[in-house]
**Q** 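First the structure, then my questions, so here it is.
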Amino acid sequence: MRFKLGCSLAYEVKSPTTFIFNVEVAQLRSLDIISEALTLTPDPGRRVYVHPDLKNRYLGVTAQEGALSLEYNAEVALSVTRADPATIRETPVAELPLDILPFLLPSRFVSSDRLTPFAQAEFGALPQGHERVNAICNWIHDHIAYQRGASDSETTADETLLKRAGVCRDFAHLGTAFCRALGIPARFVSCYAYGLVPRDFHAVFEAYLDGRWWLFDATRQAHLDGLVRIGVGRDAAEIAFSTPFGTMEPTGMEIRIDRADGGPEPAQRTVDAISTETPAPNAGAV
């Protein structure tokens, strides 16, 4: 499916500030970037970096005092792989590629070590495979309230479990933590999300099952086959859409994603297992 997407960000810079932005769509084989443009006003010069494995795209800008705005627009064609969830098994740790190890371990916001007893008691006896990870998503959806303002940028997965409330970032961290606690590699994903209301940057997670990374969204608020990836990482700290080093104040943000043909949103959402990567011989295969 083709999408037109993008974002508008605005800041009032109080002192010289370096921004690291991660808003451009990832350079995946499954994602054909038909056109794109990123405009900075003013444009103080930019540095760019593409992660060689994960394909995250980072933009570095050092802005002086005053207003700064970023405008990003792209048209992309997204191809997804579909499968019957019942056919997708878990990969034993002994068979995992070793470079996937970071996605099995605790990280800053994914406190999987603290959640292991709970995850084992709640999900350890379930049949292994895609359906177990989907059961984790169902549990989060049913037991964690989606509540804006219930968390902040420092909230960890175990804190979300205790508060029983959060937003997409917290749902993704908790799903990632439960998977890692069960020996399933999982990673945090930022994306443009077709069907999400209100429109915003969205957070979901991927689990490594049967030699491939599969998408999961515990919020159930967007089309799983309409998630256009921006970045992946151990948790949100690695792929924030904006990481500023200095004094500034956000003054505006708008996120956009629509079908390029202007067609209506599908009435039903897929129940297929969805992947946007080719079979993964290692952590960063695309």
Side-chain angles (χ1 to χ4, degrees), residues 26 28 51-56 81 83 85 88-140 144 155-161 166 168-191 203-218 227 229-240 273-286:
L28 305 178
H51 193 289
D53 293 326
L54 303 177
K55 306 305 179 184
N56 303 338
T81 295
I88 300 171
R89 68 181 185 91
E90 290 179 22
T91 304
V93 173
E95 298 177 15
L96 289 173
L98 291 181
D99 66 337
I100 286 179
L101 178 63
F103 302 111
L104 270 177
L105 302 178
S107 57
R108 170 67 180 87
F109 298 114
V110 178
S111 41
S112 51
D113 51 341
R114 297 179 183 177
L115 294 179
T116 297
F118 182 92
Q120 290 290 350
E122 192 71 34
F123 312 112
L126 296 180
Q128 296 187 5
H130 188 284
E131 292 179 319
R132 176 155 73 159
V133 181
N134 194 54
I136 290 172
C137 292
N138 289 339
W139 189 96
I140 295 171
I144 308 296
T155 302
T156 61
D158 57 307
E159 292 170 339
T160 297
L161 181 62
C168 62
R169 174 185 184 275
D170 308 300
F171 280 48
H173 280 154
L174 189 55
T176 301
F178 283 155
C179 285
R180 292 183 191 174
L182 296 169
I184 302 169
R187 61 191 189 181
F188 188 90
V189 181
S190 62
C191 57
V204 297
F205 70 97
E206 289 179 329
Y208 186 84
L209 303 164
D210 230 355
R212 198 181 195 113
W213 290 102
W214 297 92
L215 281 163
F216 295 89
D217 182 4
L227 302 178
R229 191 168 106 190
I230 300 171
V232 296
R234 291 176 298 171
D235 56 36
E238 296 186 345
I239 51 172
I274 298 294
S275 173
T276 58
E277 294 202 359
T278 55
N282 53 51
V286 296

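Throughout, residue positions are numbered sequentially from 1 according to the sequence presented.
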**Q** Which residue pairs satisfy the salt bridge (charged side-chain N to carboxylate O under 4.0 Å, His left out) criterion with at least one member in residues 128-138, sequence neighbours excluded?
**A** Glu90-Arg132

**Q** For the atom pair CD1 (Ile239) and CG (Leu54), what is the distance rounded to the nearest 0.5 Å?
**A** 9.0 Å

**Q** Please tabulate, one pair per line, all N/O donor-acceptor pairs under 3.5 Å involving side-chain atoms of residues 102-111, not counting sequence neighbours.
**A**
{"residue": "Ser107", "atom": "OG", "partner": "Arg180", "partner atom": "NH1", "Å": "3.2"}
{"residue": "Ser107", "atom": "OG", "partner": "Asp235", "partner atom": "OD2", "Å": "2.9"}
{"residue": "Arg108", "atom": "NH2", "partner": "Glu154", "partner atom": "OE1", "Å": "2.5"}
{"residue": "Ser111", "atom": "OG", "partner": "Asp158", "partner atom": "N", "Å": "3.1"}
{"residue": "Ser111", "atom": "OG", "partner": "Asp158", "partner atom": "OD1", "Å": "2.6"}

**Q** To check you understand the geometry: which heavy-atom pair defines the closest contact between Ile136 and Cys179, and what is its length?
**A** CD1-SG, 4.1 Å

**Q** Does Asn134 reach the side chain of Pro85, with side-chain heavy atoms less than 4.5 Å apart?
**A** no

**Q** Hey, does the side chain of Ser275 reach the backbone of Trp214 with a donor-acceptor pair shorter than 3.5 angstrom?
**A** no

**Q** Could you check Tyr208 against Arg187 for side-chain contact (heavy atoms from CB on, under 4.5 Å), going step by step and ending with a plain yes or no?
**A** CA-CA 9 Å; Tyr208 186 84; Arg187 61 191 189 181; over 6 Å; no

**Q** Please check if the side chain of His51 supplies one atom and the backbone of Gly231 the other of a donor-acceptor pair under 3.5 Å.
**A** no

**Q** Could you check whether Phe205 and Phe171 have their ring centres less than 6.0 Å apart?
**A** no

**Q** Drop me the distance from Leu115's CG to Leu174's CG, to the nearest 0.5 angstrom.
**A** 6.5 Å

**Q** Check whether any side-chain heavy atom of Phe178 lies under 4.5 Å from a side-chain heavy atom of Glu122, and answer yes or no.
**A** no

**Q** Might you point out which heavy atoms bring Ala172 and Thr176 nearest each other, and give the distance in Å?
**A** O-OG1, 2.7 Å

**Q** Do NZ/NE/NH1/NH2 and the carboxylate oxygens of Glu277 and Arg229 come within less than 4.0 Å?
**A** yes

**Q** To the nearest 0.5 Å, what is the distance between OG1 (Thr91) and CD1 (Ile100)?
**A** 8.0 Å

**Q** List for me each residue that meets salt bridge (charged side-chain N to carboxylate O under 4.0 Å, His left out) alongside Arg89, sequence neighbours excluded, and say none if there are none.
**A** Glu95, Asp210

**Q** For Leu126 and Ala135, work out which heavy atoms get closest and say how close.
**A** CD1-CB, 3.7 Å

**Q** Just verifying a value: how many Å separate Ile184 CD1 and Gln128 CD, rounded to the nearest 0.5 Å?
**A** 7.5 Å

**Q** Distance from Leu209 atom CG to Phe216 atom CZ, nearest 0.5 Å?
**A** 5.5 Å

**Q** Identify the two heavy atoms, one from Ala157 and one from Ala177, that lie closest to each other, and give their separation to 0.1 Å.
**A** CB-CB, 3.8 Å

**Q** To the nearest 0.5 Å, what is the distance between CG on Asp217 and CD1 on Ile274?
**A** 12.5 Å

**Q** Kindly determine whether Thr156 and Arg114 satisfy side-chain hydrogen bond (donor to acceptor under 3.5 Å, both in side chains), including the steps that lead there.
**A** CA-CA 11 Å; Thr156 61; Arg114 297 179 183 177; 5.1 Å; no

**Q** Contact between Asp170 and Ile144 at the side-chain level, heavy atoms closer than 4.5 Å - yes or no?
**A** no

**Q** Is there a side-chain contact (heavy atoms from CB on, under 4.5 Å) between Leu215 and Thr276? Walk through the geometry before answering.
**A** CA-CA 8 Å; Leu215 281 163; Thr276 58; 3.9 Å; yes

**Q** If you look at every heavy atom in Pro185 and Trp213, which pair is closest and at what distance?
**A** O-CZ3, 3.9 Å

**Q** Would you find more than 12 non-hydrogen atoms of other residues, nucleotides or ligands less than 6.0 Å from Arg234 atom CZ?
**A** no

